[in-house]
Amino acid sequence: MEKQGFRKNLINIEPYVAGEQPKTADIIKLNANENAYPPSPGVQKAISAFDAEKLRLYPDFSSEPLKSKLAEYYGLKPSQVFVGNGSDDVLAAAFRAFFNSDRPILYPDVTYSFYPVWCDILKIPYKTLPLKEDFTMNVNDYTQPNGGIIFPNPNAPTSIALDKSEIKKLLDANRDVIVVIDETYIDFGGESCIDLLPEYENLVITRTFSKSRSLAGMRLGFAMASEELISYMNAVKDSYNSYPVDAVAIAAGCAAVDDDKYFKDTIAKIVSTRDRLTKALEDMGFTVAKSSANFLFASHNKYTAKEIFSYLRDKGIFVRFFDKPRIDNFLRITVGTDEQTDKMISAIKELVV
Ligand code: PMP
């Protein structure tokens, strides 16, 4: 029905829908790609040692301590790092700063479903390009005129990484627009493009503390790019929220980066469970995409994704099902602890074997 009066001017968007948040503690929650393990013990220490008196003051407006730590870790200058309130916040700043063309921005048809939401809210024209039948990206499609490009590597919800040689082809064909690579899941597999930053001054890489560093609840994300591009992201940030990262988050983030051994050990555990789960699912009649992330994208040869999703949900195991074209017969399953994984495998076995 057409809206009348003041209702005509209300915003018309379809908001992003996050994974369900269970209300009871005994749920096995594998629907939001959170880390199966807690953050480094150093994070707990940093939070416990935090002096609440400091909260009287605004936090460091440019999150300097965290920026410097990240810059050192990744071999960049602090002025090449942008820090925000989760990578969603960082991506929103990037969309505002970089996608201002009349030409459409390009991204895959199956990808992170927040991209169309930002395009709608910011009135950015966009065009989606279909992934191949096997859900891999065809970089040759990205040679048409455009106002910018964004894609996750590894992609979500497919879990599939794009080879760096292919990414280079895409970058070589798109030197006149900004290319944002969303590396939310890169620590679990695939090859980062950080080392391509000096060669491509139009490249922006976004990252998060939510997945590989187990800090989804803290809301910390960052971007890496040339000093010039980061200065534009800072200008956007300073135009709508000058202090996105709070003082406790800065302290926790620094502690997380300091504990590199814990970070690498946790990733190794998740990768090993991921590979074991892939095999177990394949043995039970699933086709599983080759994952480079902390989740799997799987489809069964007899039961529909919706049936398995509902069955698992009734047993207190939450996975993600997307009622969307092309992917409505796939489940996105976050890799949990070994114990959670074993429980899920047993539950699925009862249904399908
Ligand atoms: N990009 C992708 C591809 C994601 O899957 C997510 C997680 N939902 C994000 C960005 C945002 O993560 P966060 O805001 O927690 O950093």
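Note: hydrogens, waters and symmetry copies are ignored here, and every other heavy atom, side chains too, is used.
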Set of side chain to side chain contact (heavy atoms under 4.5 Å, CB included) partners for E34, sequence neighbours left out
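Expected list: K29, A32, A216.
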Do [X] and [Y] have side chains that get closer than 4.5 Å, going by heavy atoms?
| X | Y | value |
| --- | --- | --- |
| L122 | F99 | no |
| D89 | K237 | no |
| R207 | T184 | no |

Which pairs of donor and acceptor atoms, one on a side chain in residues 343-353, lie under 3.5 Å apart (sequence neighbours left out)?
from: S346; atom 1: OG; to: D342; atom 2: O; distance (Å): 3.0
from: E350; atom 1: OE1; to: K315; atom 2: NZ; distance (Å): 3.3

Any sub-3.5 Å donor-acceptor pair from K164's side-chain atoms to S192's backbone N or O?
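At least one qualifying donor-acceptor pair exists.
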Which donor-acceptor pairs under 3.5 Å do the side chains of residues 241-254 make with protein atoms, sequence neighbours left out?
from: N241; atom 1: OD1; to: Y243; atom 2: N; distance (Å): 3.4
from: D246; atom 1: OD1; to: V248; atom 2: N; distance (Å): 2.9
from: D246; atom 1: OD1; to: A249; atom 2: N; distance (Å): 2.8

Taking only residues two or more places apart in sequence, or in another chain, which ones meet [X] in a ring pair (Phe, Tyr, Trp, His ring centres under 6.0 Å)?
| X | value |
| --- | --- |
| F318 | none |
| F321 | F309 |
| Y303 | H300 |

If we count only N and O atoms by modelled type, under 3.5 Å, do the side chains of N33 and Y185 hold a donor and an acceptor together?
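There is such a pair (donor and acceptor under 3.5 Å, judged by atom type) between the side chains of N33 and Y185.
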Under a 3.5 Å cutoff, is there a donor and acceptor pairing between the side chains of E228 and S231?
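The criterion, which ignores hydrogens and geometry beyond distance, is not satisfied for S231 and E228.
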Residue pair S292 / G190: nearest heavy atoms and the distance that separates them:
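Looking at all heavy atoms of both residues, the shortest contact is CB-N, 3.8 Å.
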Given the ring of F50, does K54 sit roughly above its face, with NZ or CZ under 6.0 Å from the centre of the six-membered ring and within 45° of the axis?
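Because its charged atom sits under 6.0 Å from the ring centre and within 45° of the axis, K54 does stack over F50.
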Which ring-ring contact (aromatic ring centres under 6.0 Å, His included) pairs, counting each pair once, include a residue from residues 247-272, with sequence neighbours left out?
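Qualifying pairs: none.
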Output field: ring centroids Y126/Y115 closer than 6.0 Å
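No, ring centres 6.0 Å or more apart.
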Ring centre gap for Y112 and Y16 strictly below 6.0 Å:
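Under 6.0 Å, so yes.
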Could you give the side-chain donor-acceptor pairs of residues 173-180 under 3.5 Å, partners two or more places apart or in another chain?
from: N174; atom 1: OD1; to: N146; atom 2: ND2; distance (Å): 2.9
from: N174; atom 1: ND2; to: Y142; atom 2: O; distance (Å): 2.8
from: N174; atom 1: ND2; to: L170; atom 2: O; distance (Å): 2.8
from: R175; atom 1: NH1; to: E199; atom 2: O; distance (Å): 3.2
from: R175; atom 1: NH2; to: D172; atom 2: OD1; distance (Å): 3.3

My understanding is that only residues two or more places apart in sequence, or in another chain, count here; which of them pass side-chain hydrogen bond (donor to acceptor under 3.5 Å, both in side chains) with [X]?
| X | value |
| --- | --- |
| Y107 | none |
| T206 | none |
| S79 | E227 |

Enumerate the residue pairs fulfilling salt bridge (charged side-chain N to carboxylate O under 4.0 Å, His left out) with a member in residues 6-16, sequence neighbours excluded, ordered by first and then second residue.
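Of all non-adjacent pairs touching residues 6-16, none passes salt bridge (charged side-chain N to carboxylate O under 4.0 Å, His left out).
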